[in-house]
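The chains referred to below are lettered A, B, ... by the order of the sequence lines, with proteins before strands, and numbering in each begins at 1.
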Amino acid sequence: MSDFILSVKGLGKGFYLHDRAKHIPAAVGISFDLRAGELAALVGPSGAGKSSLLKAIYRSYVPSEGVVNYTTAAGDVVDLAHAPETQITALRRSEIGFVTQFLHCLPRLTTLDVVARPLLQQGVARAEAHEVAAEMLDALAIPKQLWDATPATFSGGERQRVNIARSFAQGGRLMLLDEPTASLDPLSREKVCAMIERAKAQGTAMVAIFHDMEIVERLADQKITVTRKAFAEAAE
Amino acid sequence: MFPTDTMAQGHEGAEYGFAFLDEDAKRELRRSIFKAVCIPGHQVPYASREMPIARGFGTGGMQVTLALLGPRDCVKVIDQGADDSVNAANIRAFFSLTCPGVSGTTLTEAASVIQTRHRIPELPLRNDQILVFQVPYPDPLVLVEPNAATRRRMHGRADYARLWVKLYEDMVAFDEITISHRYPTRINGHYIIDPSPIPRYDVPKLHQADCLYLFGAGREKRIYAVPPHTDAIPITFADVPFTVEEFIDRKTGKRHCCRRCGATDSFLDEFPDEDGNRVFQCSDAAYCDSRLMQQEAAE
Amino acid sequence: MTPILNVEHLTRIHGKGCDRCLTSTGPEHDTNICPHCGSVVAVADASFQLHRGEVLGIMGESGSGKSSLVKMLYFDDQPTSGRATYDLDGQSHDLFSLNEAQQRRLRDTAMGMVYQNPSLGLNFDISAGGNIAERLLMSDELRYGVIREKARALLARTEVPPARMDELPRNFSGGMQQRVQIARALSTGAPLLFLDEVTTGLDLSVQARILDLIMELQEESGVSMLVVTHDLGVVRHLTTRTIVMKYGRIIESGLTDQILEDPQAAYTQQLVSSAL
């Protein structure tokens, strides 16, 4: 049995646009293995398909090729590229998290509830969930007077941090991070990095995209270079 | 076509037979009655015949009674408990006229068939007696569902939630169920009937009775029955008991009594006397009279 | 784990139907009217599963068959062919082989429906509380006190002011009527709820509040829901998995974010791109 949390083999993602009858080749197949507490950074030129691959691992995109073997907390190996949707849904609820720069939040929930929500959905008691949420919001320096307000009224940077707080509150064995530090001020960026380091130390495996190569150097245990198929073929 | 002389005068053999109705009509009525008895509370359709009185004046009850009567029967007709109202007296006269051998009576205990409008006699009926109700509106669901086909389906499925919703709305508006007569009553655990405009006071008499109750609706062409020893439960909520009229005098806290016979155990009619005072009197005239006679005999 | 609802090859043809109805209609023929016999193929060979606690979206334009599908499952309509089983407390009910009384029983006690048009789901001639009472009475609750309390609590939960409990829903706003419908649908604690275009025609702000309410209630109770809508926002907001229908056929199904972000079928791509 492997001790990898994630084992990606030849994962690629392309698109076919019916109305233009056009194939859009995206990322070439990538392969890597990831252990607990490790972070793999997807690197490559803008438009190479890093985000597409990250979404393909999460199954927001349907992978075009390859295998994404994930070892669950129970020890089962599940190919995320082909697993039934209900299994993906269950894993998303309890084990696999995704952090984007964009927050789609419910207009009526308070910030504290937004962050606590995934925990509540997992069945964590309200008081406990709120405690974890408060800790996360505190760690990301969201002012306390905003906790009772709805994030719908927040600035872009604040919303992004609320979103990150929510994802890290949920935690999980595998986290997929799509530019979590983009467009944050240096202080907030530092807080997010610290949070990632802390999660790593607690054993969370991560696949991440960072705009900032300095952060890649600081946090990544391995770098996976992503190139678009058309580029790759041209280079050969 | 204008009637010819012979038609106008009638011809040989065209006289009415026993009990006015022709034998085919009686047979059809009896079949419907049998069916009604077999399926307690179910409204059985029948071909309501033209009667020599207008529909709405008891033609349904009359047809059922006529189909039942034989030469040895003794018939009583009451209207709101009284034997001598115009309607009751005329129907009784009609039975005497068209049913040779059938005797008329005002005594409840003497009658084998009693046709009634709006009351059940005070004296408990025996297993050799039949009470025939004149019914204006046979279907209790008509209040909640305008479509007749849908109503029939609802009866079949015992889908009566909307009747209870009526009770609910009553409770919300008045803190009590305000239905005073035609109280929806569930027969043998399935069909809910309109027991004709009898007061609530009479509804419990339908339950597990010794006699047969038959209901005839002439205009609506339906016959239904509550057979002897059959459950008849007025619908209500588990925590809102069904109650009957109590005739309590608000001033004294005691039950009003009949001003004629002094009865305190009968259904009372309330009306103003010559001086405009509210007075009460037995609605069942035969019951009141028999009490008076007993009192006279005792004196 | 057995799904709560398992739908197999469900088909509904309006009209006399012929051998070629199914092969002559559908997205590839760009019609749901059979050219040979003129019958309308409302739903053809639809198979899917709804899992316990899941919120499944059925998305499509008007005439795609999404409402017809739900109507059959709620016994408002009968299928031409096909099967559906409803797993209730470990007991499997073959929906279309039940007799009418059994179907009605199941519908009254173990299913809830919220229609787009409140006049279908509510009786406008009885009070809001009476509408909820009716559902409770249908499931044999005959205690007035209990009925009253439950109705009050349900209406409070769906944010209908208690003071309006005894008013006729006819006088309510559209959003409030939907709240009463939702309270009624929830009243028996049914584990399966059908929502048919519940927010269509409401103001945007009202829509958002209704959707939030539905989501909160779903999380509280874990009720399984089938959400029929043409609105991508509703699908995004409520559902975890989505089925896309066109001309009576299921043309695509998947995780909701996948359907919205990486739709595979031509029609879905068009639907998603036209909305964004």
Side-chain angles (χ1 to χ4, degrees), chain A residues 13-24 26 49 51-64 80-93 96 98 100 102 104-110 113-114 116-124 126 129 150 152 176 178, chain C residues 1-4 6 27 48-57 159 204-216 218-220 222 224 232-233 235-243 251-274:
Chain A
K13 174 59 190 167
F15 298 91
Y16 180 75
L17 298 182
H18 287 273
D19 59 342
R20 277 177 273 170
K22 189 175 162 192
H23 276 284
I24 299 181
S51 278
S52 296
L53 285 175
L54 204 63
K55 285 182 175 172
I57 294 173
Y58 195 59
R59 265 284 280 282
S60 284
Y61 284 178
V62 181
S64 307
L80 299 180
H82 303 98
E85 287 140 13
T86 45
Q87 193 171 14
I88 300 283
T89 309
L91 287 173
R92 283 180 177 187
R93 194 163 295 153
I96 303 176
F98 194 97
T100 64
F102 310 105
H104 296 291
C105 58
L106 298 167
R108 285 204 303 161
L109 290 184
T110 67
D113 279 328
V114 167
R117 194 176 167 80
L119 291 171
L120 293 171
Q121 282 172 333
Q122 283 175 29
V124 175
R126 198 168 185 83
T150 162
L176 309 170
D178 191 357
Chain C
M1 202 179 75
T2 48
I4 188 163
N6 190 17
F48 67 91
Q49 298 183 328
L50 175 69
H51 294 269
R52 216 161 289 278
E54 185 180 36
V55 184
L56 178 65
E159 294 162 17
L204 277 177
S205 61
V206 178
Q207 280 190 22
R209 290 175 68 91
I210 297 268
L211 292 178
D212 283 355
L213 175 67
I214 292 169
M215 191 133 86
E216 282 171 30
Q218 199 280 328
E219 281 172 17
E220 278 170 25
S224 310
L232 299 184
V235 163
R236 188 200 311 276
H237 216 81
L238 288 182
T239 70
T240 47
R241 218 155 51 86
T242 299
I243 284 169
I251 56 166
E252 184 168 0
S253 72
L255 295 162
T256 298
D257 54 333
Q258 180 253 298
I259 294 285
L260 296 178
E261 291 182 42
D262 186 20
Q264 304 294 300
Y267 172 68
T268 320
Q269 287 186 357
Q270 189 196 334
L271 200 67
V272 169
S273 64
S274 64

Closest non-hydrogen atom pair between [X] and [Y], with its separation:
{"X": "A:Glu85", "Y": "C:Ser253", "answer": "OE2-O, 3.6 Å"}
{"X": "C:Gln269", "Y": "A:Tyr16", "answer": "NE2-O, 2.8 Å"}
{"X": "C:Gln258", "Y": "A:Arg59", "answer": "CB-O, 3.5 Å"}
{"X": "A:Thr86", "Y": "C:His51", "answer": "CG2-CD2, 3.1 Å"}

Using non-hydrogen atoms and a 4.5 Å limit, figure out which bit of C:Glu216 sits close to chain A: side chain, backbone, both or neither.
side chain

Given a strict heavy-atom distance threshold of 4.5 Å, which part of A:Leu17 is in contact with chain C: side chain, backbone, both, or neither?
both

Walk me through whether C:Leu255 and A:Arg92 qualify under side-chain contact (heavy atoms from CB on, under 4.5 Å).
CA-CA 11 Å; C:Leu255 295 162; A:Arg92 283 180 177 187; 3.7 Å; yes

To the nearest 0.5 Å, tell me how far C:Asp257 CG sits from A:Thr89 OG1.
8.5 Å

Could you tell me which of C:Glu54, C:Gln49, C:Arg209 has the largest number of non-hydrogen atom pairs under 4.5 Å with chain A?
C:Arg209

Could you tell me whether the side chain of C:Glu219 reaches within less than 4.5 Å of the side chain of A:Leu120, counting heavy atoms only?
no

Does a side-chain heavy-atom distance below 4.5 Å link A:Lys13 with C:Asp262?
yes

